[in-house]
Amino acid sequence: MPASATRFRTCPLCEATCGLAIEVAGDEVVSIRGDEEDVLSRGFICPKAYGLKGLREDPDRLRTPLVRRDGELRPASWDEAFGEIDHRLPAIAAEHGRDAVAAYVGNPNAHNLSSMVYLQVLLRALGTKNVYSASSVDQMPKHFTAGHMFGHWMTVPVPDVDRTQHLLILGANPLVSNGSLLTAPDMRGRLRRLRERGGKLVVIDPRRTRTARAADEHHFIRPGTDALLLFAMVHVLFDEGLTDLGRLAEHTRGAEQVRELAASFSPEAVAPACGIPAPEIRRLARELAAAERAAVYGRIGTTLQEFGTLASWLVDVLNALTGNLDRAGGALFPTAAAGQRNSAGEPGRGRGVRTGRWRSRVRGLPEVMGELPGSCLAEEIETPGEGQVRALITVAGNPVVSLPDAARLERALAGLEFMVSVDLYVNETTRHADVILPAPDPLSRSHYDIALYQFAARNVANYSPAPLPREDGLLDESEVLLRLTGIIAGQGPDADTAALDDMVIATLAGRETAQPGSPIEGRDAGEILAALEPRRGPERVLDFLLRVGAHGDGFGARPGGLTLARLEESPHGIDLGPLEEGRLPGALRTPSGKVELAPGPITGDVPRLRERLGALLGEAGNGGASGLVLIGRRQLRSNNSWMHNVHALVKGPNRCTALVNPADADRLGLADGQRARLRTAAGEVELPVEVSDEIMPGVVSVPHGWGHDAAGARLSVASAHPGANVNLLADGRRVDAPSGNAALNGIPVELVPA
Ligand SMILES: Nc1nc2c(c(=O)[nH]1)N[C@H]1C(S)=C(S)[C@@H](COP(=O)(O)OP(=O)(O)OC[C@H]3O[C@@H](n4cnc5c(=O)[nH]c(N)nc54)[C@H](O)[C@@H]3O)O[C@H]1N2
Ligand SMILES: Nc1nc2c(c(=O)[nH]1)N[C@H]1C(S)=C(S)[C@@H](COP(=O)(O)OP(=O)(O)OC[C@H]3O[C@@H](n4cnc5c(=O)[nH]c(N)nc54)[C@H](O)[C@@H]3O)O[C@H]1N2
Ligand code: SF4
Ligand SMILES: [Mo]
């Protein structure tokens, strides 16, 4: 038995970025605990962390490339795999144009340093309009509203949970999800401390979730009506003279327009549609306004729905109108140490954002943030004509389970001319690939959370080297992505990836030295590159990003500032302090130099909301033929679709159930545990019913990420607990109009005994 050692590593599984203390012996994981000294998580972890051991040891996890031969995915060498890609992919782009090759990039890329750095390089080389990602089945409305209100997609306000006295949460369950667009490990502890210091927690959710149970107050809301509720709260603020923009008044435009727009959404007008009585709505608004420091926070329930943009906008409008935006204890803008693109350039003003620079070919949905909505992917593959998608690259994504129109997407993938996937597994999606390139397991790669620290409730920086060696035969994902880039750039399967890597850093350094306001503005790029020696790969880029970042040493300009070397000496991370208030107007990049409270691309969707309000009020019941609407939920031991092959995380009772209120169960003749069929025009699934009054009458909740019974997938553990793919029920035409984000919550469904 080799001697054991403890290695510290940030958990890459969710947005909480907890510090892990991993005891290793040789190449083996002995145990995984929380790192008590981690500057952000202080020892907190959830049960998923231990799943990293199972993931490392999983015999189903890919350890060699696979290439399809005679219809079958067979083990192959890297040379064969890249050779096959080189043989087939560039030819498709050459014959049919660049847009014929699409890319879908999934959620785990956000937790992967190599992909954060090199995926953009690959996508740029592809030069296709058909870029898709998990963002459009997730947080795109947040980017859309941040972009139009503050001038940059990433300028998303984060609730200051550690200092607020009043937190209003809509459509989020951080006690289970561990927070999203809110990197704050141990939300249970943080929310408990909020209440201990006399603060109040209010939760608005169609389900009495764990978070709702830990709150002072919980209200059921009819799915998809958050924008109505929030509008009514805005209405009350104006109606009762409770608005107070405070310091931001002179840096804000459009408040008057917001008042006019809110005029028709009185609490009395929206109450019957939302299911929350008008006096309660008035009280919610008054208490928010009266609180000394308050924050409104909305997540998946408010974004993955038909009015995601309006709901996300109104969350920030409420924060602004109550004087809580950019104020300690309110909603603040983090100052991430690396890669914070929203604070580049001259402070206070900028070019703002543009959407719709191109449109999807079939449905004409606008591009947002350089990508098209995932809801369009199936039709872009299936619909013949110029610009049809004929080849697809997926990196760390499982669109067959994550996107709407799952059945149609399966058919579409099966009909592609060529498909390449970079993944850990042969799963529901990658089983359609012609070549699968394996990624190393998370514990054999280094980590720095470039993405999630942009949304952290405290400014921190933490780098961890790989705790364990990479298994023989696997490549770092940076190498995989650069070789793919080489192929696409016409350099063949053996491109000089070291030279490509040199180009990546030289480009970054060149751009930064030309950037007004940068700490290295006007410096010689060659001198900067020399200072990064002898680092290579993702670490070289990370060192660069840290040093030019807000807390960096500016390559000598700010002695004592952050460098990667300093982080290497700090295995538990470096605490950079609480979020700062007063970042506005400096952090703004709008052309006006103001916070735009009523941007046209957002307010243009208000008439659609008004129409919906009319329809809801006119309707006798709600939902589909059974009077039901479908929503999702997350579960502690799941991670979207991909940790279900780890036995420790899936053992026990079937979790993929339909939660139904007793009143609905009675009405439909369903008993707890009975199997039932959920049906929409898009598809049908069968699953057991769980009867509980924690779910609002008229609503049924089913978790996503299941449905692991696909032929040809290689998931021996998951296939024994398959569950059903809830996105078989989702119609891809239901989207949030402005952002194109899918509306996977609030789907009218029919529920019948099986
Ligand atoms: N354990 C675990 N943690 C995860 C994940 C996981 O799969 N498992 N996934 C990670 C990812 S990718 C993300 S994006 C985050 C998401 O993090 P959260 O947003 O906190 O995720 P959910 O638990 O899905 O919470 C969404 C809540 O919205 C409610 N809801 C549904 N429709 C509506 C509506 O119309 N209005 C309102 N007000 N509420 C509604 C649901 O009942 C649910 O309680 O979680 C991350 N963390
Ligand atoms: N109905 C419904 N649908 C939803 C949601 C919902 O709430 N309801 N939530 C949506 C949300 S918020 C999200 S984020 C999406 C997630 O959607 P996706 O990102 O498409 O799916 P994941 O389940 O996260 O799958 C990730 C894939 O990455 C692979 N992987 C993991 N780590 C690595 C790695 O380091 N490298 C590589 N190359 N591969 C890796 C896994 O094996 C898996 O195949 O699902 C969305 N879909
Ligand atoms: S909460 Fe998220 S980051 Fe923390 S241990 Fe669990 S999965 Fe990992
Ligand atoms: Mo997500």
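Counting begins at 1 with the first residue of the sequence. Order of listing sets the numbers, starting from 1, for every ligand and every atom in it.
Counting heavy atoms closer than 4.0 Å to ligand 1, residue Leu636 contributes backbone atoms (N, CA, C, O) but none from C-beta onward. With a 4.0 Å heavy-atom cut-off, ligand 1 is reached by no atom of Arg637.
By the side-chain contact (heavy atoms from CB on, under 4.5 Å) test, Arg470 is found to be paired with Pro440, Ser444, Leu474, Asp476, residues two or more places apart in sequence or in another chain being considered. With sequence neighbours excluded, the residues that form a side-chain contact (heavy atoms from CB on, under 4.5 Å) with Ser133 are Val105, Ser135, Glu371.
Salt-bridge check for Asp58 with Arg714: failed, with every basic side-chain N at 4.0 Å or more from each acidic carboxylate O. Taking 4.0 Å as the cut-off between side-chain N and carboxylate O, Glu306 and Arg612 count as a salt-bridged pair. The existence of a salt bridge linking Arg207 and Asp205 is excluded, since no basic side-chain nitrogen approaches an acidic carboxylate oxygen closer than 4.0 Å.
Near ligand 2, Tyr104, Gly106, Asn107, Pro108, Asn112, Ala134, Val137, Asp138, Ile300, Leu304, Ala396, Gly397, Asn398, Pro399, Ser402, Val422, Asp423, Leu424, Tyr425, Asn427, Ala439, Arg445, Glu477, Arg634, Asn640, Ser641, Trp642, His704, Val726, Asn727, Leu744 each place a heavy atom less than 4.0 angstrom from the ligand.
Geometrically, Arg608 engages Phe307 in a cation-pi contact, judged by NZ or CZ lying under 6.0 Å from the ring centre and within 45° of the ring axis.
Donor-acceptor pairing under 3.5 Å is recorded for the side chains of His572 and Asp35. Donor-acceptor pairing under 3.5 Å is lacking for the side chains of Tyr425 and Asn398. Looking only at atom types and distance, the side chain of Arg634 has no donor-acceptor partner in the side chain of Ser638 under 3.5 Å away.
For the pair Gly224 and ligand 1, a heavy-atom separation below 4.0 Å is found.
Backbone and side-chain nitrogen or oxygen atoms of Asn178 are examined, and none is located within less than 3.5 angstrom of a nitrogen or oxygen of ligand 1. Not a single N or O atom of Pro206, backbone or side chain, sits closer than 3.5 Å to an N or O atom of ligand 1. Some N or O of Gln635 is nearer than 3.5 Å to an N or O of ligand 1, by distance alone. Annotation: Asn173 places an N or O atom under 3.5 Å from an N or O atom of ligand 1; distance criterion only.
Atoms of ligand 1 lying under 4.0 Å from at least one heavy atom of Thr209, given by number and element, are 44 (O). Residue-ligand proximity, Lys48 to ligand 1, at heavy-atom distances under 4.0 Å covers atoms 1 (N), 2 (C), 3 (N). Ligand-side atoms of ligand 1 in range of Asp226: 34 (C), 35 (O), 36 (N), 37 (C), 38 (N), range being under 4.0 angstrom from any heavy atom. Ligand 1 places these atoms under 4.0 Å from at least one heavy atom of Pro223: 34 (C), 35 (O).
Of all heavy-atom pairs spanning Ala49 and Leu20, the tightest one is CB-CD2, 3.8 Å. The shortest heavy-atom contact between Met116 and Ala451 is CE-CB, 3.9 Å. Taking both residues in full, the closest heavy atoms of Asn725 and Ala406 are given as ND2-CB, 3.5 Å, listed atom of the first, atom of the second, then distance.
With values rounded to the nearest 0.5 angstrom, Asn462 atom CG is found 10.5 Å from Phe8 atom CZ. If you take OH on Tyr118 and CZ on Arg483, they are separated by 15.5 Å, rounding to the nearest 0.5 Å.
With a cut-off of 2.8 Å, the protein N/O/S atoms near atom 4 (Fe) of ligand 3 add up to 1.
Here His447 and Tyr463 keep their ring centres 6.0 angstrom or further from each other.
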